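Read the structure below first, then the notes.
This is a predicted model, so every value here is computed, not measured.
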Amino acid sequence: MGLDFSGADLSYGDFSESWFTDAKLINATLVQVELYRSDAQGADLTGADLTGASLVRVNLDDAILRNANLDAANLVKASLCDVDASGASCRGTRFMGSSLLHVDFRSADLRDSVVDENSFQVTLDENTKIEAMTGSVFGPAVVVDKAGSRELSGGELEEWMRSKGGNVRVIGVK
């Protein structure tokens with residue numbers, strides 16, 4: 001816990017069920033790593049390259065993923081609560097079943113990503129790219145634009161996403 005791996009190349013390693021709690025992984029290279037059921041709560045992954053990483057059931061609560069590359073990563077059933085993922089690249093990332101609660105996706109690239117009945121209480125902005133994003137989410141989301149910020153849910157959120165090229169169904173809470 002709390003170790004500093006900043007700038008390290010840990011690519012292709014199997015770190016299943018490892019503890020990276022509060023670790024510093026700034027600009028680390030973690031291409032195609034296996035982190036199944038690992039704990040990275042509070043980890044700083046600013047600028048890290050996690051291309052193709054397996055982050056299935058990983059705890060990323062309170063993590064910093066600012067400007068990280070998560071392209072083609074697998075985050076099925078991962079927990080992301082209170083996460084700064086601003087500027088992150090998540091092209092083709094699989095978020096199915098993940099908890100996305102209070103995640104800052106401003107200026108993030110979510111093109112071609114896949115969601116499936118995800119909690120989606122996130123912050124998006126006019127620079128968030130969501131073209132070809134598919135699946136279904138539970139809102140609401142906060143959208144920030146020149147006029148300020150507003151909370152969108154249901155059909156309003158679905159329409160906003162569609163206007164940006166996404167094909168995401170917003171599921172109403174019963």
Any donor-acceptor N or O pair under 3.5 Å, side chains D61, S79: yes
Taken in chain and number order and not counting sequence neighbours, the residues that satisfy side-chain contact (heavy atoms from CB on, under 4.5 Å) with D4 are S6, K24
Minimal heavy-atom distance between A53 and L30, with the atoms involved, is CB-O, 4.1 Å
Residues at least two apart in sequence or cross-chain that pass side-chain contact (heavy atoms from CB on, under 4.5 Å) with I130, listed by chain then number, are L110, T128, M133, W160, M161, K164
Correct closest heavy-atom pair for F5 and A28 would be O-CB, 3.8 Å
Residue pairs passing the salt bridge (charged side-chain N to carboxylate O under 4.0 Å, His left out) test with at least one member in residues 27-42, sequence neighbours excluded, are none
- Query: Checking S98 side chain against A78 main chain: does a donor-acceptor pair fall under 3.5 Å?
  - Reply: yes
Taking every heavy atom of A63 against every heavy atom of A40, the minimum-distance pair comes out as CB-O, 4.0 Å
In this structure, OG of S54 is separated from CG of D14 (nearest 0.5 Å) by 9.0 Å
**Prompt:** Hey, does F95 have a side-chain heavy atom less than 4.5 Å from the side chain of S113?
**Reply:** yes
According to a hydrophobic-cluster definition based on side-chain heavy atoms being under 4.5 Å apart (Ile, Leu, Val, Met, Phe, Trp, Tyr only), do I64 and V58 belong together?
no
State yes or no: do V115 and V170 share one hydrophobic cluster built from I, L, V, M, F, W and Y residues joined by side-chain heavy-atom distances below 4.5 Å, directly or via other members? yes
Inset, instruction - May I ask you to check whether over 12 heavy atoms, not counting those of R94, lie within 6.0 Å of atom CZ? - result: no
Separation between CG (L65) and CG (L80), nearest 0.5 Å, reads 6.5 Å
Rounded to the nearest 0.5 Å, the OG1 atom of T123 sits from the CG atom of D84 at a distance of 10.0 Å
Hits for side-chain hydrogen bond (donor to acceptor under 3.5 Å, both in side chains) against R91, two or more places apart or cross-chain, chain-then-number order -> none
Exercise. Hey, mind stepping through D145 and R150 against salt bridge (charged side-chain N to carboxylate O under 4.0 Å, His left out) and telling me if it holds?
Worked result: CA-CA 9 Å; D145 58 21; R150 64 189 192 281; 2.6 Å; yes
Closest non-hydrogen atoms of N127 and S107, given as atom of the first, atom of the second and distance, are CB-OG, 3.5 Å
query = Taking D49 for the side chain and V31 for the main chain, is one N or O donor matched with an acceptor at less than 3.5 Å?
reply = no
The side-chain contact (heavy atoms from CB on, under 4.5 Å) partners of A73 (sequence neighbours excluded) come to L55, L70, L75, T93
Cluster membership besides V142, Ile/Leu/Val/Met/Phe/Trp/Tyr side chains within less than 4.5 angstrom, sorted by chain and number, is V144
* **Side-chain donor-acceptor pair present, Q41, N59, cut-off under 3.5 Å** => yes
Practice prompt. Kindly say whether F15 contributes a backbone atom to a donor-acceptor pair with the side chain of S38 at under 3.5 angstrom?
Written response: yes
Value for CZ (F105) from CG (D125), rounded to nearest 0.5 Å, stands at 12.0 Å
d(D109 CG, N69 CG) to nearest 0.5 Å is 9.5 Å
So CZ of R66 and CZ of R106: to nearest 0.5 Å the spacing works out to 10.5 Å
Does one hydrophobic cluster hold both L3 and F20, with members joined at side-chain heavy-atom distances below 4.5 Å? yes
Exercise for review: Evaluate the side-chain contact (heavy atoms from CB on, under 4.5 Å) criterion for residues V114 and M96: first the C-alpha distance (whole Å), next the side-chain angles of each, then the deciding distance (0.1 Å), finally the verdict.
Suggested key: CA-CA 7 Å; V114 181; M96 286 97 75; 3.5 Å; yes
* Is L45 linked to L100 within one hydrophobic cluster, defined over Ile, Leu, Val, Met, Phe, Trp and Tyr using a side-chain heavy-atom separation of less than 4.5 Å? -> yes
When every non-hydrogen atom of L25 is compared with those of A48, the smallest separation belongs to O-CB, 3.7 Å
Exercise for the section: Is it possible for you to say whether V83 and L101 belong to one hydrophobic cluster, with membership spreading through side-chain heavy-atom contacts below 4.5 Å? Expected result: no
Worksheet item: Can you find a side-chain donor-acceptor pair between S89 and D71 that sits under 3.5 Å?
Response: yes
